[in-house]
Amino acid sequence: MSNISEEINKRRTFAIISHPDAGKTTLTEKFLLYGGAINLAGSVKGKATARHAVSDWMEIEKERGISVTSSVLEFEYGGYHINILDTPGHQDFSEDTYRTLMAADSAVMVIDASKGVEAQTRKLFKVCGMRGIPIFTFINKLDRDANDTFELLDDIEKELGIATCPVNWPIGCGKSFKGVYDRQKREVITYSDTEKGTKEGETSVYSIDDDTGVINAITKEKYDILTEEIELLDGASAEYDLDRVRDGKLTPVFFGSALTNFGVEVFLQYFLKMTTTPLARKSGDELIDPVGHDFSAFVFKIQANMNKAHRDRIAFMRICSGKFEASREVKHVQGGKTMRLSQPQQIMADSRKILDEAYAGDIIGVFDPGIFSIGDTVCAPGEDIVYEGIPTFAPEHFARVRQVDTMKRKQFVKGIEQIAKEGAIQIFQEFNTGLEEIIVGVVGVLQFDVLKYRLENEYNVDIRLEPLPYEHIRWIGNKDIDPDKITGTSDMKKIKDLKDRPLLLFINAWSVGMVLERNPGLELLEFGTQ
Ligand code: G4P
């Protein structure tokens, strides 16, 4: 047991989130560099190639030059076992990002120092907020001209509604970015030029009390500004409070430059110390202890076609408690079956390693013959753990979809159902007819392209998509309601999901309110469950 608890307690599983271009990929890569998972030479040609190597599983990604899928990066550093959940960069795949966040215990939010909080940061932050997980902020690109440091903090507090607590403080920015001040250790850390991270730089550390040393290192002018700012900061910023951080109420803030490596390793070290070990999760009213409980895990992502040669489907599971052993039988709760997980593997970038064992906090990929759905639980036989479902995000774009060749109906239905099971699309039917008409809903329009591409390439089915004007979908909360009795608006359309549950589509947001008004007692929900 002690071995299991030791293993679990050294795990740190987190996601890195950011608005595109804030530096998520670069920062991730630097973490890998410190963890020895890649070397400096690897990172030089780095970002562009890494981006492809890590997640170019689908042709469409190459064609569009965007990252559609996400991956898991795993490495050891300073006695910790780290799992980074990488998330797709493109906003049309934000749903995937949301799901990935469900598997993380904390999040690192990367912000561009010259931009502050951006649209996508706001969205992602909201989801982290829903889970109440700790959020750590890395303000990046200090090697460029940056916004005023106090204003950046203000922006985070006002825009995101979370208190900030700077753990370190930047000394200058742009060409005169010298390094950071560590508030806890009261030390100035300076860096030498790394030529954009292509060569190893030198780090020097001075106590702030060694004024001569500090002045020599950063100039008198910078020293004066720094001491003034520290004084201001000590008076004004929130006290560091680990409990508030862990409740997601306070975000520790770090400054640096992922590109030039300034402040990155210090950040990693503090972050690992401050963030949590694998969190307990709820099954019904019970909180399942990661260390004390036998094996359990849930599926947060299903990815088809990761390996073109094999046309396989991988279900990604987050282990929530105990130890996973490949030789043991587990129970797939939703399927009601006891089974052995097939080819359990650790998936890093495009390489895979078959695993014999893994622990709470780890992510494993298992071969899925088409039995798993997002949110499913597996656990020790004899148990009935059901982890809280992963919310389905409301699609905002809808299209009617038909196969071009009517003879291929079977492949078409199979393909579209499988893709829906992976959570990339949601499928619905006309309310009063059978499967003849399929309506597809997606969160981002690019998913339509992915659907078309995958049906053509994996199922050999050509489809025609006819866009529908609806933008708002509502699930009906009331259990016993006759959908035929709902008084609608002229822009409302009734549809049903594959479990025959009625849903409503609207063109205009205001119609939702109108329908609520016309049907007292009706409950319309923005999120559904699968
Ligand atoms: P993302 O994953 O959040 O989308 O961002 P990514 O790391 O891809 O970084 C976006 C751009 O910002 C890249 O430039 C990257 O080199 C640059 N960048 C990241 N961190 C820093 C930093 O600390 N300082 C500076 N100055 N730039 C940074 P690019 O021109 O798009 O790519 P590339 O040509 O450099 O490969």
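Just so it is clear, the values below take in all heavy atoms, side chains as well, and ignore hydrogens, waters and symmetry mates. Values in this document were obtained by computation on a predicted structure and should not be read as measured data. Ligands are counted one by one from 1 in listed order, and the atoms in each one are counted from 1 as well.
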Decide, yes or no, whether a salt bridge links [X] with [Y] under the criterion of side-chain N to carboxylate O below 4.0 Å.
| X | Y | result |
| --- | --- | --- |
| Arg281 | Glu388 | no |
| Arg11 | Glu74 | no |
| Asp105 | Arg12 | no |

Atoms of ligand 1 under 4.0 Å from any heavy atom of Pro20, numbered from 1 in the order shown, are 4 (O)
Taking only non-hydrogen atoms of Asp21 and a 4.0 Å limit, the atoms of ligand 1 in range are 1 (P), 3 (O), 4 (O), 5 (O), 10 (C), 12 (O)
For residues 265-279, run the donor-acceptor check on the side chains, cut-off 3.5 Å, and write out each pair with its distance to 0.1 Å, sequence neighbours left out.
residue	atom	partner	partner atom	Å
Glu265	OE2	Tyr77	OH	2.8
Gln269	NE2	Tyr77	OH	3.1
Tyr270	OH	Asp182	OD1	2.8
Tyr270	OH	Asp182	OD2	2.8
Thr275	OG1	Ser106	OG	2.8

Less than 3.5 Å between some nitrogen or oxygen of Leu142 and one of ligand 1, yes or no? no
Q. Judging by distance only, is a nitrogen or oxygen of Leu27 under 3.5 angstrom from one on ligand 1?
A. no
Backbone, side chain, both or neither: what part of [X] comes under 4.0 angstrom of ligand 1, heavy atoms only?
| X | value |
| --- | --- |
| Asp143 | side chain |
| Ser18 | side chain |
| Arg144 | side chain |
| Asn140 | side chain |

Residue list, salt bridge (charged side-chain N to carboxylate O under 4.0 Å, His left out) with Asp376, at least two apart or on another chain: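 Not a single residue meets the salt bridge (charged side-chain N to carboxylate O under 4.0 Å, His left out) criterion with Asp376.
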Has the side chain of Arg313 got a donor or acceptor atom that lies under 3.5 Å from a matching backbone atom of Phe367?
->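 Judged by distance alone, no pair lies under 3.5 Å.
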